[in-house]
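Input: a single structure, listed below in structure tokens.
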Amino acid sequence: MRFGLSDEQKMLDESVRGFLSRALPLDEVRRLAAAGSGYDAALANGLTEQGVTGIIVLEEYGGVGLGMVEAVVVAEALGYAAAPFGFAGACVMAPLAIAKAGDDGARSELLGGIAAGERRVAVDFSALAGTTGAAELTLDGDRLSGTVQNLLDPGAATDLLVALADGRMALVEADAAGVKFGLRKTVDRTRPLGTASFDGATARLLDGGRDVAKDVLQAGRLIIAADSLGAGQRMIDQAVAYANEREQFGRKIGSFQAVKHTCSELVGMLEPCRSLIWYAGYAREHGMEDAPLTILHAKSHLGEITREVSRMATEVHGGMGFTDLLGLHFWFKRITFDRQVLGGPERCRSEAATLQGWAAA
Amino acid sequence: MRFGLSDEQKMLDESVRGFLSRALPLDEVRRLAAAGSGYDAALANGLTEQGVTGIIVLEEYGGVGLGMVEAVVVAEALGYAAAPFGFAGACVMAPLAIAKAGDDGARSELLGGIAAGERRVAVDFSALAGTTGAAELTLDGDRLSGTVQNLLDPGAATDLLVALADGRMALVEADAAGVKFGLRKTVDRTRPLGTASFDGATARLLDGGRDVAKDVLQAGRLIIAADSLGAGQRMIDQAVAYANEREQFGRKIGSFQAVKHTCSELVGMLEPCRSLIWYAGYAREHGMEDAPLTILHAKSHLGEITREVSRMATEVHGGMGFTDLLGLHFWFKRITFDRQVLGGPERCRSEAATLQGWAAA
Amino acid sequence: MDLEYSDRHKALQQELREFAAKEGHRSPKSGGGRKRPDRKTLDWQALLLERGYFARTIPKEYGGYGAEPDVVEAAIIADEFNKAGLYPGIMNQGISMLVPTLLEVGREDQKKQWVETTIRGETIWCQGYSEPGSGSDLAAARTRADLDGDHFVVNGQKIWTSSAHYADMMFLLCRTEPDKPKHEGLSYLLLSMKTPGIEVRPLTTMTGRAEFNETFFTNVRVPASQIVMGRGEGWRVANVTLKYERMLLGDPNKLLYRLSRIRDLMERTAVDGVRMLDLPEYRERLLKLQGEALAWKYHGMRLLTDMANDVDSGVRRLIVKYVGTMMGHRLSSLAVDVLGAAGLSYDPQGEDKDDDEATTWHIDYMYDIGLIIGGGTSQIQKNIIGERGLGLPREPKTQAAAR
Amino acid sequence: MDLEYSDRHKALQQELREFAAKEGHRSPKSGGGRKRPDRKTLDWQALLLERGYFARTIPKEYGGYGAEPDVVEAAIIADEFNKAGLYPGIMNQGISMLVPTLLEVGREDQKKQWVETTIRGETIWCQGYSEPGSGSDLAAARTRADLDGDHFVVNGQKIWTSSAHYADMMFLLCRTEPDKPKHEGLSYLLLSMKTPGIEVRPLTTMTGRAEFNETFFTNVRVPASQIVMGRGEGWRVANVTLKYERMLLGDPNKLLYRLSRIRDLMERTAVDGVRMLDLPEYRERLLKLQGEALAWKYHGMRLLTDMANDVDSGVRRLIVKYVGTMMGHRLSSLAVDVLGAAGLSYDPQGEDKDDDEATTWHIDYMYDIGLIIGGGTSQIQKNIIGERGLGLPREPKTQAAAR
């Protein structure tokens with residue numbers, strides 16, 4: 001009986017973090033951010049070797065066959081590294097949607113490619129997530145029309161998975177006829193969003209009902225929350241290190257209560273979030289009754305906390321935090337992005353109220 | 001052209017504050033709080049001599065004939081002193097209601113008594129204010145029935161003024177037949193609330209329409225906000241003095257950034273509130289268009305700010321702030337009271353939204 | 001992560017439900033902690049100890065149940081007691097603070113002598129730490145204990161001795177080595193409150209109740225053997241106690257319980273005919289706090305796991321008191337707002353009686369400030385988190401202090 | 001309190017409305033402050049100066065309008081310009097910071113030389129204060145200026161010199177008396193950016209734009225007469241400038257304008273067909289900020305009155321920068337949330353072009369952090385408020401620093 005990572009989970013964590021810290025020194029983050037595609041073949045291959053692309057894909061389909069606890073561990077590591085890599089949509093929501101709502105044919109055709117890093121699926125669930133820029137889609141038989149603006153993980157996408165407001169999901173190939181697909185730069189240069197317009201494009205219908213689509217959305221929200229946890233932790237670690245190093249007024253600035261107490265507050269805010277994320281992953285994996293509620297709170301609470309963390313940790317760095325020089329802003333922007341996608345804190349709390357019968361649906 | 005008090009207003013301020021600081025040393029506050037009636041004849045007589053009871057009553061009725069700026073100045077002074085004295089209801093809302101909705105007879109009969117400190121009118125506007133414990137009242141001709149729970153300024157009340165949900169107001173004598181009137185102790189021992197039940201009691205109808213009743217309510221809210229400003233300022237002054245005096249770890253605690261910065265944050269929060277209160281008083285007095293909005297914000301913003309002030313200023317005092325010894329808690333409780341009566345911050349903001357057309361009425 | 005119920009857990013859950021059905025009527029309504037437990041409470045406590053629903057992991061030789069630590073078991077017990085509305089057992093300073101301290105650093109004979117009677121609720125302890133001149137600066141304690149033969153002779157004054165007026169015993173931080181540097185001159189003594197020379201005076205707080213005392217010592221003789229660890233090691237022992245006190249002050253179960261009470265209150269309370277729960281401005285506050293409290297709940301489970309596995313939780317533990325007490329205040333703030341004007345009523349009934357709902361919440365709202373301050377203020381906690389938890393440099397010695 | 005419009009005020013209001021109708025078409029869309037004003041902006045600025053809608057209270061001999069200070073007049077002008085959507089005039093560091101500094105402590109010849117061309121927008125200034133090693137500890141500046149005959153010779157490096165790449169002049173804080181204690185060894189020089197030996201390198205910030213520069217000085221010769229006040233008095237002059245900078249950074253009009261833009265945005269933005277303004281969780285945040293911003297507006301009017309009456313505003317002024325910049329960040333935070341996922345687009349166009357709405361808000365959201373830090377961080381501001389404003393004791397000298 002244990003609340004915490006197993007030895008295997010710790011090994012996974014160390015392995016992925018080790019790889020990322022080697023693969024993504026600050027200069028490399030900077031280079032990839034400047035390119036702005038949200039995808040780098042070498043990085044993606046390395047992560048594929050780490051098992052990241054197939055983390056939740058069953059072994060029979062060529063995946064690693066692990067669960068949501070492992071997925072949040074990976075997500076935190078990716079956030080910590082500000083990795084220009086699409087995970088929440090491409091490696092969690094997409095395979096989950098296919099596994100839950102696809103037929104045997106879809107599963108065997110698609111999941112292996114995802115696990116192998118060959119298929120990269122951008123995902124838009126705005127029609128269900130309560131975001132601005134909602135998807136406007138119609139599906140007539142297998143013909144998809146309409147537009148989306150918030151495709152997660154569009155970098156080098158081979159396929160696009162979109163959810164309709166009624167819970168049907170549709171998968172189309174990115175280069176299919178009738179599809180116009182492009183990237184839009186976001187404030188987080190490590191992760192663009194995608195836009196697409198569909199004009200009667202041929203789609204594969206994944207219809208597991210609205211509950212399945214919402215469940216896929218919840219999984220994505222949890223992963224995004226875990227990503228922001230990693231980004232927040234990185235900012236705190238950098239703030240503490242800077243406070244231990246920078247001198248002003250003849251002293252290490254960390255010896256001033258103003259700075260020291262800020263660092264203490266940061267840890268007081270963020271550290272409990274890790275347990276919330278772990279528990280939500282565990283509850284989701286084991287189909288526990290409180291999983292959806294916990295995930296909604298994970299997304300909203302992390303959104304609130306990491307915003308404060310991103311400001312306060314930057315403040316600890318003084319003017320240097322505001323420059324491009326230390327690269328601290330990559331994590332600031334990562335946090336900015338994570339807060340807004342798949343539904344912000346207000347939206348997730350509002351759903352949590354409905355879920356508990358505290359507000360009318 | 002001047003944003004600030006005139007010389008006359010400053011003199012009034014100094015005079016009332018001077019009187020209160022002589023009349024209400026901490027021991028006297030303690031004694032009157034223990035008695036708990038919210039009224040003391042000697043104090044009330046002194047304040048009457050200061051012109052406080054007649055501050056907004058026209059000179060032709062025996063009052064001082066001043067306006068809402070002077071009234072907020074007095075209210076701040078009363079809050080600063082934690083004076084066990086009913087001002088918002090008895091000396092502002094009541095004479096305002098009579099002046100605005102009473103006929104000539106009512107005015108000449110009642111206003112002089114209020115100004116002279118002989119008539120003390122407890123006031124309940126819960127039916128309009130959006131508080132818990134709302135008034136449940138019916139008025140049949142001149143017969144009042146029902147109950148109220150939140151009578152402001154009930155100490156030694158001679159009359160009770162209640163507002164109905166439709167905006168009619170009724171004035172009954174506290175000892176009239178069919179009236180059961182009593183005090184209930186609140187957490188703020190300097191100010192009880194009153195409860196009353198009416199069983200066909202003879203009432204004097206003051207019907208100026210709903211707008212007049214709401215205007216009276218707004219005046220009361222502004223006065224309560226000004227009271228909490230005074231209480232908050234007192235807590236800050238005491239915190240700063242304590243930080244300059246108490247030593248720990250071989251230093252004045254005010255030399256620690258943790259304490260110093262807390263004091264600075266307190267001033268940063270509260271000081272702009274004074275301008276908001278002054279402006280709201282001025283706008284209300286001169287019938288400016290933005291007066292109601294400003295008052296709603298004054299009540300809600302002061303409620304939020306002074307809660308933080310009450311906690312943080314207590315924290316500066318450490319354990320001593322939590323004891324009864326320094327009496328700091330009288331102001332803490334004053335702030336607690338002011339936040340809840342006549343509609344809390346959430347309610348006032350909600351009204352402000354409606355007023356601006358940001359929300360449906 | 002491994003939180004699934006094994007067959008053993010399912011059996012425990014079943015057992016608890018049967019226990020609640022069969023024995024639940026014997027539970028006292030509330031046990032206080034502010035007063036000496038009555039007969040009913042003591043009997044209930046004995047029953048809980050026998051069944052292992054209290055002090056479950058304390059070794060049998062000290063009166064506990066002797067079970068292996070298990071986070072899920074602890075959660076199941078808390079949960080079932082909560083659901084059935086059963087009193088979960090006595091929580092006082094002896095049980096929450098002294099017992100774990102003795103188990104960690106006490107002598108064998110001290111554990112034998114004090115743990116069992118304390119967890120049974122028979123021996124009541126109070127804490128002799130703070131002094132009027134040294135609140136945050138605890139190590140500056142000036143209460144003296146001078147060795148005279150085989151006794152210490154104690155002279156001085158303590159403040160915030162919460163249950164001193166009915167306690168049997170005190171754990172006392174005092175200065176036995178006045179010539180040594182501040183932190184090295186302290187010792188930690190256990191003494192009977194019946195020893196001649198002790199005077200207890202009630203201390204009224206902002207709640208209007210005398211929840212605390214000042215305690216005066218005049219030539220109070222304490223056998224020298226009643227020291228925990230050695231002379232000059234009092235600061236170390238005191239820090240062990242503080243560790244447990246700070247855990248207690250941030251207890252997530254208390255906060256979750258409070259949250260559910262506020263939700264109930266919001267369902268029952270209406271303004272202009274609309275339930276507070278249906279007013280989005282209030283509901284949003286409740287939801288924000290629910291998110292915080294859930295994170296805190298799982299953080300608490302993580303800490304329990306650390307403890308069961310003898311892992312040092314480091315900064316995770318150091319944040320508990322600061323974060324937990326602030327959250328408590330935010331919760332009681334919401335409750336007080338929901339009560340609103342009608343709920344400004346305040347009429348505390350004293351230690352032995354139940355208070356009405358509004359009074360109870362206002363007491364909590366004020367007492368929470370006391371908790372933010374007591375046991376080391378938030379400022380002290382943030383020093384500790386930063387220095388011990390994050391390795392940030394201490395404040396340099398000042399010229400004055402260096403003198 | 002006296003805020004009523006006299007006949008004179010009503011006339012001014014009328015005059016402004018006629019001005020807007022007749023001359024409004026000549027107003028530039030936005031004037032920047034991040035770039036050199038163009039011809040259209042300079043012409044507009046000249047018109048405003050002529051009418052007294054800018055620099056209204058600056059004496060005529062320095063190119064101003066020479067009016068008596070009047071809070072209501074200032075408010076009417078701001079209000080009418082706001083309503084008509086007219087550009088209110090150039091705001092740059094020369095105008096907001098150097099001009100009031102010179103008017104307060106400059107020599108007569110310096111005022112004559114610099115005030116008029118600066119307020120006309122013809123002379124652009126940048127600020128040479130911070131250095132890489134001394135951000136918060138401004139008085140630790142190490143850039144040297146050694147007297148050589150009738151010139152100072154400047155060597156060193158400055159950072160955060162925002163408009164250095166197109167500025168004509170710099171006001172520079174530098175060390176002229178290296179043997180004197182830290183705060184007494186500084187002087188405040190005015191120098192041309194065309195002087196040989198100055199190198200300006202762009203400094204990119206988190207917004208991705210090069211809003212600032214680093215400026216390097218190698219044997220830069222500055223006539224000794226170009227000093228403001230005397231040698232060793234630079235810290236005093238710098239603090240005058242900082243006073244005005246900090247006022248500027250907390251400008252309530254900017255915050256109110258931002259608030260009204262957010263309200264518009266909330267009317268235009270919808271989620272699932274519901275306007276954000278109709279979502280109570282967002283509306284409540286807007287209302288809270290409106291309350292804060294209104295208090296701030298009237299606080300600003302109070303400060304203007306103080307200034308007009310030569311009253312020292314004390315702590316009221318000292319809070320401006322800290323409170324105003326934090327409020328700015330809370331406002332831009334709400335804007336960024338209202339924009340949501342669709343509004344994550346970010347594509348700054350550089351200094352000379354207009355950015356789209358989402359990009360503009362994200363720039364503000366980040367730039368606000370820079371404002372919280374720049375001009376003295378919030379921590380420094382709180383030291384100043386506590387020590388200068390409230391009379392709290394300074395931190396005692398540390399043993400290390402005392403050495």
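All chains are named by letter (A, B, ...) in the order of the sequence lines, taking the proteins before the strands, and each is independently numbered beginning at 1. Just so you know, these numbers come straight off a predicted model, no measurement behind them.
Of the atoms belonging to A/Arg349, not a single heavy atom falls under 4.5 Å from chain D. Looking at D/Ile373, the atoms closer than 4.5 Å to chain A (heavy atoms on both sides) all sit in the side chain, from C-beta outward. There is no contact between D/Leu138 and chain A, counting heavy-atom distances below 4.5 Å. Looking at D/Ser130, neither its backbone nor its side chain comes within 4.5 Å of chain A, counting heavy atoms on both sides. For A/Arg311, the parts lying near chain D are the backbone and the side chain together; criterion is any non-hydrogen pair under 4.5 Å. For a residue to count as touching a neighbouring chain, one of its non-hydrogen atoms must lie under 4.5 Å from one of that chain's; by this rule A/Gln149 touches chain D with the side chain only. Contacts of A/Thr336 with chain D are made by both backbone and side-chain atoms, with heavy-atom separations under 4.5 Å.
Taking A/Phe332 as the reference, D/Tyr365 meet the ring-ring contact (aromatic ring centres under 6.0 Å, His included) condition, with sequence neighbours excluded. Under the ring-ring contact (aromatic ring centres under 6.0 Å, His included) criterion, D/Trp235 pairs with D/His183, sequence neighbours left out.
Looking at D/Val336 and A/Arg307, their side chains come closer than 4.5 Å, going by heavy atoms from C-beta outward. With a 4.5 Å cut-off on side-chain heavy atoms, D/Thr377 and A/Glu315 do not count as touching.
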| message | For a side chain to side chain contact (heavy atoms under 4.5 Å, CB included) check, start with the C-alpha distance between A/Thr132 and D/Val338, then their side-chain angles and the critical distance, and finish with the verdict. | response | CA-CA 8 Å; A/Thr132 53; D/Val338 170; over 6 Å; no
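Options D/Ala140, D/Ala358, D/Ser333 differ in how many heavy-atom pairs under 4.5 Å they form with chain A, and the most are formed by D/Ser333.
Contacts from residues 279-289 of chain D to chain A, taken as heavy-atom pairs separated by less than 4.5 Å, involve D/Glu281, D/Tyr282, D/Arg285 in sequence order. At a heavy-atom cut-off of under 4.5 Å, chain A is reached by D/Thr269, D/Ala270, D/Val271 from residues 262-271 of chain D, listed in order of number.
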